[in-house]
Number of protein chains: 2
Amino acid sequence: MKVSTKGRYGLSAMIDIAVHHGNTKCTSLKSIANRQGISENYLEQIVAPLKKAGFIKSIRGSYGGYTLNKNANEIYIGEILRVLEGTMYPVECLDGSGNCYCGDSNCDLCVTKSIWNKIYKSLSDIIDTITLQDLVDDYNKINNINN
Amino acid sequence: MKVSTKGRYGLSAMIDIAVHHGNTKCTSLKSIANRQGISENYLEQIVAPLKKAGFIKSIRGSYGGYTLNKNANEIYIGEILRVLEGTMYPVECLDGSGNCYCGDSNCDLCVTKSIWNKIYKSLSDIIDTITLQDLVDDYNKINNINN
DNA sequence: TTAATTCCTAGTAGTTTAGTCGGATTTCAT
DNA sequence: ATGAAATCCGACTAAACTACTAGGAATTAA
């Protein structure tokens with residue numbers, strides 16, 4: 001029941017890119033990796049699917065990097081997490097609509113599925129309502145108060 | 001972000017034991033494993049920490065098995081899941097009270113922690129309010145209607 | 001006495017995680 | 001034109017974790 005580093009680093013990277021999106025410049029992986037204290041090589045692999053999913057676009061060559069490809073308020077963190085972590089269902093045998101397709105004949109005992117569904121619903125309520133912009137706002141708020 | 005088989009099998013086993021708790025007999029791992037279609041040997045290892053945690057007690061020897069050691073309405077499924085799955089925090093760097101002890105100097109970007117906290121809170125709201133008895137009731141309800 | 005059960009420990013194949021590494025390609029600035 | 005800085009791409013890998021299997025000792029009801 002843990003979010004992997006892939007999801008955590010990826011979300012942080014998206015926030016980083018979004019925060020720097022105001023100024024026209026793009027953000028390099030090196031600078032992100034330095035700020036977050038993580039491996040640049042690894043970050044490369046995390047950022048690739050986020051680009052493929054259309055959240056960010058890249059600018060190659062010197063002084064290149066990444067910028068947002070959509071407005072931050074159009075990107076829900078659930079979308080980001082699903083790209084990096086998979087379906088976000090707490091168990092495999094969910095289809096998102098409360099059904100179970102585990103195929104067990106004795107699925108009487110599948111009363112547990114009501115739990116997994118509740119968990120997924122409440123999770124979605126969070127990750128599918130918070131946008132990247134919300135996190136950028138949080139970030140700016142924290143920084144204005146502290147500095 | 002998945003519950004492992006350990007957590008799933010363990011919870012199902014607890015329901016199984018609780019359902020059969022009405023009659024004074026205890027429930028053997030073999031019968032649970034058969035009903036659930038899982039490995040008895042593996043179940044052995046799952047049930048051990050549940051016993052150690054005081055949720056169930058064992059009766060050794062022939063015609064032995066397991067019975068509840070507490071009332072089903074005194075056992076929250078969050079307790080069961082935590083024994084089998086760990087803290088249930090979506091990320092390691094939470095302490096349950098909204099604080100982050102990741103120790104990063106640049107924890108400005110830890111705006112993500114508000115998300116992990118929200119996720120944990122809504123998860124707790126579910127698993128720490130549903131008791132084993134609730135699931136037994138669900139089970140009985142389903143079986144009365146269907147059969 | 002025997003069969004059925006819990007108890008205990010060790011091993012293990014496969015998958016996932018969290019990276020590292022090397023090199024090709026592109027582009028800005030000088 | 002050249003070099004430095006960046007993205008891009010694919011392969012590799014150590015360590016941990018998952019989901020078991022296996023074997024045998026101890027216990028107890030019939």
Side-chain angles (χ1 to χ4, degrees), chain A residues 1-13 16-17 20 24-53 55-67 69 81 84-87 90-93 102, chain B residues 1-13 16-17 20 24-34 36-53 55-69 81 84-87 90-93 102:
Chain A
M1 254 331 231
K2 290 265 182 290
V3 176
S4 71
T5 56
K6 221 168 159 187
R8 288 189 285 119
Y9 292 176
L11 184 56
S12 290
D16 201 320
I17 293 168
H20 292 88
T24 44
K25 282 182 191 174
C26 57
T27 315
S28 71
L29 288 189
K30 191 176 214 168
S31 69
I32 297 174
N34 283 343
R35 268 189 295 274
Q36 319 267 345
I38 59 182
S39 151
E40 185 186 345
N41 283 321
Y42 187 31
L43 196 54
E44 232 176 64
Q45 290 170 37
I46 293 170
V47 145
L50 294 172
K51 184 192 168 189
K52 200 176 164 197
F55 302 138
I56 51 178
K57 64 187 167 195
S58 64
I59 296 154
R60 299 188 67 172
S62 192
Y63 290 81
Y66 293 86
T67 40
N69 194 36
L81 289 177
L84 298 170
E85 297 276 320
T87 66
V91 297
E92 217 63 63
C93 82
C102 59
Chain B
M1 257 326 234
K2 291 265 181 290
V3 176
S4 71
T5 55
K6 221 169 158 187
R8 288 189 285 117
Y9 293 176
L11 184 55
S12 290
D16 201 320
I17 293 168
H20 292 87
T24 44
K25 281 182 189 173
C26 57
T27 315
S28 72
L29 288 190
K30 192 176 213 168
S31 69
I32 297 175
N34 283 343
Q36 318 268 346
I38 60 182
S39 150
E40 184 186 345
N41 282 322
Y42 188 30
L43 196 54
E44 230 175 66
Q45 290 171 36
I46 293 171
V47 144
L50 294 173
K51 183 191 168 189
K52 200 176 164 197
F55 301 138
I56 51 178
K57 64 185 168 198
S58 63
I59 295 153
R60 298 187 69 171
S62 192
Y63 290 81
Y66 292 87
T67 40
L68 289 187
N69 194 35
L81 289 177
L84 298 170
E85 297 276 319
T87 66
V91 297
E92 217 64 63
C93 82
C102 60

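Residue numbers begin at 1 in each chain, while the letters A, B, ... track the order of the sequences. Please read these numbers as outputs of a predicted model, since none were measured by experiment.
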Nearest-Å distance for atom pair CD1/P, residues A/I32 and D/dT7: 8 Å
Between B/P49 and B/L84, which heavy-atom pair has the shortest distance, and what is it? CG-CD2, 4.0 Å
Minimum-distance nucleotide (side-chain atoms of B/L29 versus D/dA22, C/dT6, C/dC7): C/dT6
Whole angstrom is fine here: how far is it from NZ in B/K6 over to C1' in D/dC17? 10 Å
Take the protein atom CG of B/N41 and the nucleotide atom P of D/dA19, then report the distance between them rounded to whole Å. 16 Å
Of all the nucleotides listed (C/dC28, D/dA29, C/dG19), which has the minimum atom distance to the side chain of A/Y63? C/dC28
CZ of B/R60 versus P of C/dT6: gap in Å, rounded? 10 Å
Rounded to whole angstrom units, what separation is found between the OH atom of A/Y42 and the P atom of C/dT20? 10 Å
What is the distance from CD of A/E44 to C1' of D/dA11, rounded to the nearest Å? 13 Å
Without decimals, in angstroms, what is the distance between A/Y66 OH and C/dT27 P? 14 Å
Does a side-chain N or O from A/S28 land closer than 4.0 Å to OP1 or OP2 of D/dA5, or not? no
Residue whose nearest DNA chain C nucleotide is more 5′ - B/Q45 or B/T27: B/T27
Would you mind reading off the distance between A/I46 atom CD1 and D/dC8 atom P, rounded to a whole angstrom? 15 Å
When you get a sec, tell me which of C/dG19, C/dT6, D/dT7 is the closest nucleotide to the side chain of A/S39? C/dG19
